[in-house]
2 protein chains.
Amino acid sequence: MNSPTASLPTLTTDIVPFAIRGERLEVLLARQTTGWGLPGGPVGVDEDLDAAARRQLAEQTGLSDVYLEQLYTFGRPDRNPARRMVAVAYFALIPIASGSAGVPAAGDAARWAAVDEPPPLVLDHGEIVAVARRRLAAKLLYSTIALQLMPERFTLSELQAVHEIILGEPLDKRNFRKRVLAMDRIEATGELARHGGRRPARLYRALHPGQVELIK
Amino acid sequence: MNSPTASLPTLTTDIVPFAIRGERLEVLLARQTTGWGLPGGPVGVDEDLDAAARRQLAEQTGLSDVYLEQLYTFGRPDRNPARRMVAVAYFALIPIASGSAGVPAAGDAARWAAVDEPPPLVLDHGEIVAVARRRLAAKLLYSTIALQLMPERFTLSELQAVHEIILGEPLDKRNFRKRVLAMDRIEATGELARHGGRRPARLYRALHPGQVELIK
DNA sequence: TGTAATAGTGTTCAAATGACACTAATATAA
DNA sequence: TTATATTAGTGTCATTTGAACACTATTACA
């Protein structure tokens with residue numbers, strides 16, 4: 001275990017795990033001794049930062065194989081009154097559970113919260129969530145990052161809904177479709193989504209799953 | 001002084017100090033025991049990260065009051081073979097010396113190097129410089145960041161030259177002027193720059209010096 | 001067979017962008 | 001004093017891009 005010393009700041013990672021659930025953008029929180037906060041914790045002495053973030057996310061929420069991106073490093077000396085801690089923050093994007101069980105949440109130790117009306121969080125985790133949210137919305141506009149929130153097969157309506165939820169505004173259906181198809185990063189599978197009571201939609205898949213590319 | 005321990009990574013800041021000198025984008029390097037590298041070093045136990053970066057830049061190069069922005073945190077366990085070090089990297093933008101002495105460089109302990117043909121640098125500092133350079137070029141296109149490289153008074157031709165040097169491509173004079181004036185972030189002072197042998201140019205100044213705004 | 005619900009599709013206008021060439025003002029040299 | 005060299009400064013037109021906008025198609029179910 002890492003024990004804090006007087007001579008060095010403790011280095012941690014904190015992860016903001018985003019997913020679209022229902023009609024909202026939500027964050028997965030981890031229970032801590034003093035309240036709810038972001039999954040995360042101390043970085044091992046010889047552990048890579050990205051690896052530490054992945055490990056902590058998996059240990060505290062059961063999530064693995066997700067998209068992870070470094071966000072910012074928070075290091076104000078007073079961010080933790082107890083002892084000096086510097087946090088390398090990441091955000092994670094968790095695909096909408098497609099059909100199967102839904103996103104795992106480690107029972108009592110984790111819970112989802114809406115990003116727009118979050119509960120009070122420990123330390124500066126509220127600020128970290130806000131920064132992550134802004135970054136995510138910004139990247140929607142010039143990258144293929146939204147695909148990381150989608151299941152393997154998805155409809156264009158679903159993809160549009162994800163954009164609308166994150167941006168917080170409705171988008172024009174025809175313009176949206178024109179734009180995402182022009183990117184050439186998704187293709188129709190030929191299959192149809194059946195959901196009862198209405199016209200079935202074509203299913204698409206990402207051409208380079210896992211990759212996030214800048215566009216235009 | 002900070003002494004490394006077995007149980008925690010040492011946390012440092014590294015700063016990439018950019019300036020336009022002559023017709024090139026250059027970086028200010030600091031002499032280290034094993035060669036040339038970026039200014040930087042250990043973060044104090046109760047020192048803010050930004051403050052640590054500013055302090056180290058001042059101590060090692062004499063530069064103060066410059067634009068500073070956090071870049072990325074580099075933490076691969078093998079980036080320093082001697083002992084585990086995690087570096088929060090920043091870049092700094094140093095205004096072109098306007099008339100006066102030129103950018104201070106602390107004698108023997110610091111030197112400027114062209115970004116395009118850098119000398120070998122210690123550790124992963126070459127990579128850090130490359131990342132910083134890409135970020136700077138990207139931000140030119142959608143922010144007013146270039147103004148941080150300009151002296152208090154400057155001509156539009158000088159501003160255009162700065163863009164061209166960083167982007168590595170020539171820009172159309174009329175379109176460039178249209179664009180930067182439309183931003184409404186600089187204004188003509190009414191003065192003229194005299195430089196002998198040709199038509200004098202109008203001098204402009206930044207409307208909100210020190211601020212970097214996103215545009216469009 | 002009718003109805004309710006979502007999927008899917010083009011055109012038109014406005015705005016932004018990109019290409020392009022000449023005149024103006026100064027210092028210096030002839 | 002005049003000619004020349006050098007950089008500053010300016011507008012238009014064509015193309016591309018972005019935004020607004022409404023109807024038909026396909027299915028499940030009543």
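Computed from heavy atoms alone, side chains included, the values below leave out hydrogens, waters and symmetry copies. Keep in mind that this is a model prediction, so the values were computed, not measured. Order of the sequence lines fixes the chain letters, A, B, ..., with proteins taken first and strands second; residue numbering starts at 1 for each chain.
With dA8(D), dA27(C), dT26(D) as the candidates, the nucleotide lying closest to the side chain of Arg199(B) is dA8(D).
In this structure, CZ of Arg194(A) is placed 16 Å from P of dT6(C), rounded to the nearest angstrom. One atom, CZ of Phe176(A), and another, P of dG8(C), lie 12 Å apart when rounded to the nearest Å. The distance from atom OH of Tyr142(B) to atom C1' of dA16(C) is 20 Å, rounded to the nearest whole Å. Atom-to-atom, CD of Gln160(A) to C1' of dT6(C) comes out at 12 Å; the value is rounded to the nearest Å. Atom CG of Leu192(B) and atom P of dA8(D) are 12 Å apart (whole Å). Residue Met183(B) contributes atom CE, which lies 10 Å from atom P of dT17(C) at whole-angstrom precision. One interatomic measurement links the two molecules: CG of Leu203(B) to C1' of dG9(D), which rounds to 15 Å at whole-angstrom precision.
The stretch residues 123-139 of chain B participates, sequence neighbours left out, in these side-chain hydrogen bond (donor to acceptor under 3.5 Å, both in side chains) pairs: Asp14(B)-His125(B), Glu69(B)-Lys139(B), Arg79(B)-Asp124(B), Asp116(B)-Arg133(B).
When each of Arg179(A) and Thr155(B) is assigned the nucleotide of DNA chain D with its nearest heavy atom, Thr155(B) is the one assigned upstream, toward the 5' end. Where His195(A) and Glu158(B) each meet DNA chain D at their nearest nucleotide, the meeting point lying more 5' is that of Glu158(B).
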Nucleotide N/O to protein N/O under 3.5 Å, stretch nucleotides 10-12 of chain D:
{"unit_1": "dT10(D)", "atom_1": "OP1", "unit_2": "Arg202(B)", "atom_2": "NH2", "d": "3.4"}
{"unit_1": "dT12(D)", "atom_1": "O4", "unit_2": "Lys178(B)", "atom_2": "NZ", "d": "3.2"}

Pairwise N/O distances under 3.5 Å, protein to nucleotides 2-5 of chain D:
none

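Regarding contacts with the backbone of dT6(C), every side-chain N or O of Ser157(A) stays at 4.0 angstrom or more from both OP1 and OP2.
In this structure, Tyr67(B) has no ring pair (Phe, Tyr, Trp, His ring centres under 6.0 Å) partners at least two apart in sequence or on a different chain. Considering only residues two or more places apart in sequence or on other chains, Gln160(A) meets the side-chain contact (heavy atoms from CB on, under 4.5 Å) condition with Glu164(A), Leu171(A), Lys173(A), Phe176(A). In terms of the side-chain contact (heavy atoms from CB on, under 4.5 Å) criterion, Ala138(A) has no residue partners (sequence neighbours excluded).
Under the 4.0 Å criterion applied to side-chain N and carboxylate O atoms, Arg55(B) and Glu47(B) are assigned as salt-bridge partners.
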